[in-house]
Amino acid sequence: MRPLTDEETRTMFEELSKYIGENIKLLVDRPDGTYCFRLHNDRVYYVSEKILKLATNIARDKLVSLGTCFGKFTRTQKFRLHITALDYLAPYAKYKVWVKPGAEQSFLYGNHVLKSGLGRITENTSQYQGVIVYSMADVPLGFGVAAKSTQECRKLDPMVIVVFHQADVGEYIRHEDTLT
């Protein structure tokens with residue numbers, strides 16, 4: 001487990017800023033302690049420094065994971081955000097989309113959100129902006145990318161895609177063996 005390089009940090013923060021903007025600093029400097037990002041086996045973990053110090057007693061090859069997995073670096077050094085980061089991204093989200101109860105199950109099976117399933121959308125959401133997807137009861141379901149801006153969504157046909165699916169909480173069941 002090692003700290004991220006400057007290039008890795010920049011790549012990861014660019015991906016996180018698509019969803020939470022400047023609120024990234026709130027993830028690191030929290031009132032309950034200082035948290036940091038660490039890289040282990042191409043995966044980025046979000047962990048408190050207190051737990052990180054305790055983990056130094058464990059050999060790297062024996063360590064499976066530590067803290068919460070935020071995502072992983074691909075072989076081409078692009079950062080891919082995992083669904084396990086949703087609980088930390090949702091409170092700081094700048095742009096949100098709420099889906100109707102009938103469209104929740106479709107989204108949780110990995111499908112895009114259609115205009116017919118759109119309940120609400122944050123005002124001034126631009127096209128290709130990262131969004132957190134919520135149920136109408138304000139339960140975070142996943143995240144994606146806005147296919148259309150807020151203004152375009154108002155005059156669309158019901159069968160047009162408005163949010164491209166990226167990750168959802170259904171992945172806990174569908175991909176449980178690879179989410180470590």
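- Heavy atoms only, all atoms of each residue included: Ile83 and Asp168 are closest at CG1-O, 3.2 Å.
- Within the 4.5 Å cutoff, the side chain of Met136 has heavy atoms near those of the Pro101 side chain.
- Side chain of Ser106 to main chain of Ala103: no donor-acceptor pair is present (N/O by atom type, distance under 3.5 Å, no hydrogens or angles).
- Between the side chain of His40 and the backbone N or O of Leu63, at least one donor-acceptor pair lies under 3.5 Å.
- For the atom pair Phe37 CZ and Thr68 OG1, the distance stands at 10.0 Å (nearest 0.5 Å).
- Closest of all the heavy-atom pairs between Lys94 and Gly21 is CD-CA, 3.6 Å.
- Side chain of Gln127 to backbone of Ala147: a donor-acceptor contact under 3.5 angstrom is found.
- Under the 3.5 Å distance criterion, the side-chain polar atoms of Thr11 are left unmatched by any main-chain donor or acceptor of Phe79.
- Across every non-hydrogen atom of Val162 and Cys153, the tightest pair is CG1-SG, 3.8 Å.
- Although no hydrogens or angles enter the test, the distance criterion places a donor-acceptor pair under 3.5 Å between the side chain of Thr150 and the main chain of Thr125.
- With a 6.0 Å radius and a threshold of 12 heavy atoms from other residues, nucleotides or ligands, Asp32 has its CG atom above the threshold.
- Interatomic distance, Asn41 CG to Lys72 NZ, rounded to the nearest 0.5 Å: 11.0 Å.
- Between Arg10 and Glu14 there is a salt bridge, with a side-chain nitrogen of the basic residue lying less than 4.0 Å from a carboxylate oxygen of the acidic one.
- Within the model, atoms CD of Glu49 and OG1 of Thr34 stand 5.0 Å from one another, a figure rounded to the nearest 0.5 Å.
- Scanning both residues, Tyr19 and Gly144, for their nearest heavy atoms gives CE2-O, 3.5 Å.
- Inter-residue side-chain proximity for Leu27 and Tyr35 is flagged as unmet; no heavy-atom pair is nearer than 4.5 Å.
- Enclosure of atom OH in Tyr109 is not indicated, since only 12 or fewer non-hydrogen atoms of other residues, nucleotides or ligands lie within 6.0 angstrom.
- Minimum heavy-atom separation, Ser135 to Trp98: O-CD1, 3.1 Å.
- Between the CZ atom of Phe70 and the CG atom of Leu89 there is a distance of 5.5 Å, given to the nearest 0.5 Å.
- Under a 3.5 Å cut-off, the side chain of Thr5 and the backbone N or O of Glu8 do form a donor-acceptor pair.
- Here CE of Met159 is found 12.5 Å from NZ of Lys115. Values are rounded to the nearest 0.5 Å.
- A 4.5 Å side-chain heavy-atom check between Val133 and Val99 finds at least one atom pair inside the cut-off.
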message: Show, in sequence, the C-alpha distance, side-chain angles and deciding distance for Met12 and Leu4, and conclude whether the side-chain contact (heavy atoms from CB on, under 4.5 Å) test is met.
response: CA-CA 9 Å; Met12 187 191 71; Leu4 277 69; 4.1 Å; yes
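- Tyr45 and Leu54 fall into different hydrophobic clusters, where Ile, Leu, Val, Met, Phe, Trp and Tyr residues are linked whenever their side-chain heavy atoms come under 4.5 Å apart, directly or through other members.
- Atom NE2 of His112 is separated from atom CD1 of Ile161 by 4.5 Å, given to the nearest 0.5 angstrom.
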- prompt: Does the pair Val47 and Cys36 meet the rule for a side-chain contact (heavy atoms from CB on, under 4.5 Å), with working shown?
  reply: CA-CA 6 Å; Val47 61; Cys36 59; 4.2 Å; yes
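- Of the possible polar contacts, none joining the Ser126 side chain to the Gln129 backbone as a donor-acceptor pair under 3.5 Å is found.
- Panel note: side chain Arg60, backbone Met1; a donor-acceptor pair is recorded below 3.5 Å.
- Note on Val139: it does not cluster hydrophobically with Leu86, by side-chain heavy-atom contacts below 4.5 Å among ILVMFWY residues.
- Residues meeting the side chain to side chain contact (heavy atoms under 4.5 Å, CB included) test with Ile24, sequence neighbours left out: Phe13, Leu16, Ser17, Ile20.
- Note on Arg154 versus Glu123: salt bridge recorded, some NZ/NE/NH1/NH2 to OD/OE distance being below 4.0 Å.
- The minimum heavy-atom distance linking Asn111 with His165 is given by the pair O-CB, 3.6 Å.
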